[in-house]
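Report on the following structure.
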Amino acid sequence: MMENIFGFSISPSSAINMDKVDRALFEELCRVEPDAVRCMACGSCSATCPAAAFSGMSIRKVLLCLQRGKEKEAFRMMSNCMLCGKCTMVCPRGINTRRLVLSISRIYGKEDTK
Amino acid sequence: MKEIVVIIGGGIAGLEAASKLLDLGYSPIIVEKSGRLGGHVARWNRLFPDMTPAADIVSELTERTKGANIFLNTEISFINRLRDSYNIKLSNGISINTSYILFTTGFSLFEAEKKEEYGYGVYDQVITNGDLEQWFNTGEDHRISGKEIGHIGFVHCVGSRDEKARNSQCSKVCCITAIKQAIELKEKFPDAEIWCFYMDLRLFGKKFEDFYTKAQRDYGIHFIRGRVSEVSENIEGKVIVKAEDTLAGKPIKITLDLLVLMSGMVCSQDSTKTAGMLSLPVDSDGFLKSSDNVMHITSSPKNGIFYAGACTGPKTVPETLAEARSAVLEIHSHISRK
Amino acid sequence: MIYQGKQKIWSEYQKEIPDDKWFYVRSCIRQNFFPASEKMLMEICRNILKKDFYETEHHTTCGGIAYHCDTIPQETAMTIVARQFALMTEAGYENYVASCITSFGNYTEILQTWHEFPELEARIREMLWKACRKEFNKPKYLAHSSDLIYKFRNLIAEKAKFRLVNRETGEPLRVVEHIGCHYAKMFPSKGVGGAEYPYVLAGMVESWGGNVIDYPERRHCCGYGFRQYHIKANRGYSISNTHKKFESMEPYRPDMIITNCPGCPYFLDRWQYVIAEMEGKTYGAGGFGIPVFTYEEVAGLVLGYDPWDLGLQLHQVAVEPLLDKIGIPYRPEDKYKGLDRKDIMRPGLPENMKCF
Amino acid sequence: MREIYLSGYNNFVLPFVIGMLFCLTWCIIGAARIILQLPGKDRKRFFLSLVNPKTMSKNIRDWFCDCLFHVKLWKRNKLLGYMHSSIAFGWFMLIVIGHIEVFLYTPERVHQIWYPIFFRYFVAVTDTTMKGSFFFFLMDFFLLIVLSGIVLAIIKRAHSRLFGMRRTTQPSLPDLIGLYSLWSIFPLRLLAEGFTADISGGSFLTKSLNMVLHSFLSDYMNMLPTWWAYSIALGIFMCVLPFSRYMHIPAEILLIPLRNAGISISSARRGMASIQVYSCPSCGVCIDACPMGAVKANTKDSTVYLNRQLKRNNKARIDEISEKCLLCGKCTAVCPVGVEGDKIRIAQRAAKKYNLTPDYSNIGTDAVNFQYNKKVIQKNNNVSSSDNKKVLYFAGCMTALTPVIMKSMVSLLEKAGAEYDVMDRDGGICCGRPMMMAGRIGPARQMIEKNTRIIKESGAGILLLSCPICYRIFKENYKLEGIEILHHTQYIERMINEGRLDIDRSDSRLVYHDPCELGRGCGVYQSPRNVVSRAGVLVEASKNGKESICCGGSIGSISLGFDKRRPLTENALASLTADSPDIIVTACPLCRSTFSRYADRPVNDIAEIVDKATSADKR
């Protein structure tokens, strides 16, 4: 519905409603990559990422988006990942970010969620 | 004659100080307002980072202070300053003359009701860190026991770093306590999802960071960076928590079965009241003011009066114990110099 | 929900409300939206409570809307307010009662600002003198008119002909209370019950027999938000807020909404129609909306005034189902008759929301 | 020689015949399948190579050197080489000479496949010509050689270290059956021929044994059972061959011409990959070679086990092994049969399905996006330099994390007065090699295209690289006609040789670590050593050159976690510091970062060393 009959319409809430976020895929990801949740959001990965200049790639944000049900945003950022491995090199927690990217590409993005 | 040292407060700092004073051959007197020793720690269950039972610590300390004079259920009625000493009148009528007073008056937990928006005392599902420790100890709390707990939230910094709550300081131990309690709750409710709402995670101590990564990786505890703005109740009697996920830059809300407020540490009113009898200064953080905060944290500006433990600021258990020992040493060198 | 917990907080936010000699200032917009509300207040104060209730035709807007829309600077708003205070001083009153929540907030804010910055107050005095050669005393007490009704809620309850109770089931009505944002959110100590759990309307509802609903979005703004509504491009934001509130209260099946602000009842009432048109959704039972009232209207209803004399025909959401629930008699055929009993014409009816 | 059985047949040949036929059929069908699985282009190439005398002669040479003489193993360890070649070549000669005998004495029996094998049973010696005893001698001689090989094989099972192997492959059940049947074939043959030696003739071995046997066994009844046993051992071996590691014997025969035809792996489980897998003799040389072997738990992730899992089609393990590998290429380098462990793994990775695929179409390649240093630095023009081509320096992603390399390189270029641009000063597009290593060929190709466009547009004559990972893909997959691609070790060497850099040689002992991608990957071993020895005293690691140990930081591995890499790095460091060097020198930013993390002495890039040793402006 949400018809724009008066020249304005009801916009859906921009808030993340965790009650409605389906965590099944993320949990699947965690089984492959338990380190996915060890991120402490330091931002090293984003700062060093060559793809950040093109698609705003940040594996930190990707992980956050996936946990908050914002898959599309994550996929968009990931689309320019070159798998160069710089983020893996700089991660202070030793998270295997390259494998994360590959695992996300495998687990997520099945036709129905794309 | 053995030198008398009056210790105000029978918490762990007071007990440790008393035991060390006994070791050095002095005669400590502990004045405790409540009916039991051990202070806050006696109400707690296990201590980070090694999950040491709090009861063990209290019982060991109590055991070691058997030789001390201990007055329970006793308050300080007034203190008179004499020429070189102090005359202390206790509520039980006894009066003591001493040259040395050690304040181990500790802290109070911030009254979570004051953060009205979190609904402590209004919503049945909202408890504090203190309540939770007690539940770990007794297993009795109608807000937790026998309920189906699927989602649990922790709110860090309740009454800490909050000028509106009149405490702009960090309470230091709540971050690690929240992680400890979250892990313990996850062990009790393995299927529960646990969400910690934090502003900053300040995990400064030995092995605290390990604890944090363990909580993330092994216990799957979620951390959301953002202060909870308000808590409300839905029609099913669950609480809805709103915050901003500052890392995502978006508001976030979640429905929870239990919300634990990490009440911060504030100076106890009794501390300031007793300190007031001696006109001891209070620091800008509301805790008792040491003669300086680097070299003489255990000394007050007044001769013969010393501090140990959380009366001068939030401290962990090992820090409190270490400070008690250091205060005793300070007293010992004062006495020896005479 | 622990009721005692709320009571404890309420007890901490007790506000001193003067019990007589009130200098009353009207709202700019209320008399257009809900015309009988302010009249009802006067009626209650003067004829039922028998109080000294004064108002003057020289009173103007407080400048609140313009101030909140960022169209006038604060000094201007302050000078306008200073003039109102001068009117009060001239009339010999010192208990200032505002009808409008935004005015109330505005006065509170200005008084507080003057308290913090006395030099600003001096400047305003100077400006007022230059502008209209007036001087003023600051009010001794500042109250919102809902504070007065709150204060005398039990007295009204004694005199009431009806209670907020479902006549058929004997159950108390489920009432949503909505407090204007500017009532206590800025200065919690200035409102009855504070900002988190305001008691001013809840107290009336309880006294008059109803049950207050505490729903998750209770604290949320009605959606008016001045700039959000007045600028057409932002209206979607305005209605989205209102929509959020209704979605949140819906599961509680409220019988009615009581408000104490000029904008809130208007938007909670009219947006229901807009939501119904846009989404085809209504929040009341049987295709009706949830009727929205000002506290004066509710007071009038329980005191037994005729619904049409209270101007309830100007509500978008039909009030009749609620009147039936309480058992208040009314003549449907008189709904669209003016005070002179002439037909004021029945408006066109909306498509998706049931109305009479 | 005369035949003693008219039929030329006895039932005991049946096990052998059945085994042989089964094995032959299996191999022929298998070979045909593999050839059919090749992409059309490759198949055509293969057939053409078979009629090309050059490749064919190479094939023949390789067949002899690799399959029979195991030259690579000889180079590795003499004992190991002898053990393998004695069995392979000895057995081969037994078969060849057996056939020659049949041709010479009973040419009409040639079509009976068992005849040459059991020749001694069917014939009796008639003359004692030189010719006969010559063959008798040869047969016994080669049998002895084979038997010596078998004895060594038995010893190896218990004491593999004597053969230069720390760890050996754990045999599977078919391997064990094959092994024991193979071991028993030759003693049984000796026994069988020993029993018949007085009739069929024999030489020093069989005759002597015959005499010994006859000294206490005078009954010919023993003869037939031993021939049966011999045949059964052969039959079992043949039957189990396709399912055991001994499949490598026929498979390698096909692998050699395929490899010489220049065919590479194009599919995960088919064609070239498949023949390589079947050519794996499970010798286990790759187990010791694998840098992950520093942790015992990783032993089963070496190529030999990958091949075994590939044969078993165990998907979970194939994935696990393929993703774990560092792709250092050492197993490929040491493999005696030429199984390309790294490429097989990449092929497995490439076969994985992804739902999300990167798309770089939004990335522009014009100068606006890549504002490389357009100001050309022109120094002394009268430098006598054969190289006046403009240099485009692509530092690479990893170099961005070790800026000292880039700084040193730029400094050297300045000192040498080279005309250069830096392509990725403010970040760039990855070279594509990491993506390629992850098996995602498509996205890697996209990056290659983008970079090619940028490089061609720059007008450079030399593409200079600091990262061997980049260097390899630029060498292997980029088509940059007219642009010389050099790693900085090579370019520094050239600058030194041209006299454009003036180096002061120090007394520091410098050990050079061969980065996987530069050494094994691109064969650059000498240039860096030449450069290092100009800057200091070059010392060698205990494992160097082709045998160099991966630093453990490789981005080749997908699944190996950070904490799992530390022992690998420490193992590599132990090899590097064996001769107590003062400084560890490498030529890869990734190796540099990885080693620095755990090294007890400075780790420098070659460019840093040279830059420090070069005076600013002599000229």
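Reminder, nothing fancy here: chain letters follow the sequence lines and each chain counts from 1. Since the model is a prediction, treat every value here as computed from it, not as a measurement. When reading the values below, keep in mind they use all heavy atoms of this one structure, side chains included, and skip hydrogens, waters and symmetry mates.
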> For the residue pair Ala248(B) and Leu64(A), what are the closest heavy atoms and their distance?
Replying inline: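 So the minimum-distance heavy-atom pair works out to N-CD2, 3.3 Å.
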
>> Can you list the residues of residues 131-142 of chain B that sit under 4.5 Å from chain A, counting heavy atoms only?
In response: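 Residues qualifying by a heavy atom under 4.5 Å from chain A are absent, so none.
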
> When you look at CD of Glu187(B), are more than 12 heavy atoms from neighbouring residues, nucleotides or ligands closer to it than 6.0 Å?
Replying inline: yes

Check chain B against chain A and list any donor-acceptor pairs under 3.5 Å.
| residue | atom | partner | partner atom | Å |
| --- | --- | --- | --- | --- |
| Glu209(B) | OE2 | Arg93(A) | NH2 | 2.4 |
| Gln216(B) | OE1 | Arg93(A) | NH1 | 2.8 |
| Gln216(B) | NE2 | Val37(A) | O | 3.1 |
| Gln216(B) | NE2 | Cys39(A) | O | 3.1 |
| Arg217(B) | NH1 | Asp35(A) | OD1 | 2.5 |
| Asp245(B) | OD2 | Arg68(A) | NE | 2.4 |
| Asp245(B) | OD2 | Arg68(A) | NH2 | 3.0 |
| Pro251(B) | O | Ile16(A) | N | 2.6 |
| Lys253(B) | N | Ile16(A) | O | 2.8 |
| Lys253(B) | O | Met18(A) | N | 2.8 |
| Thr255(B) | N | Asp19(A) | OD1 | 2.7 |
| Thr255(B) | N | Asp19(A) | OD2 | 3.3 |
| Thr255(B) | OG1 | Asp19(A) | OD1 | 3.4 |
| Thr255(B) | OG1 | Asp19(A) | OD2 | 2.2 |

>> If I measure from the heavy atoms of chain A, does Ile224(B) come under 4.5 Å with its side chain, its backbone, both, or neither?
In response: both

> In terms of heavy-atom proximity below 4.5 Å to chain B, should Cys30(A) be classed as side chain, backbone, both, or neither?
Replying inline: neither

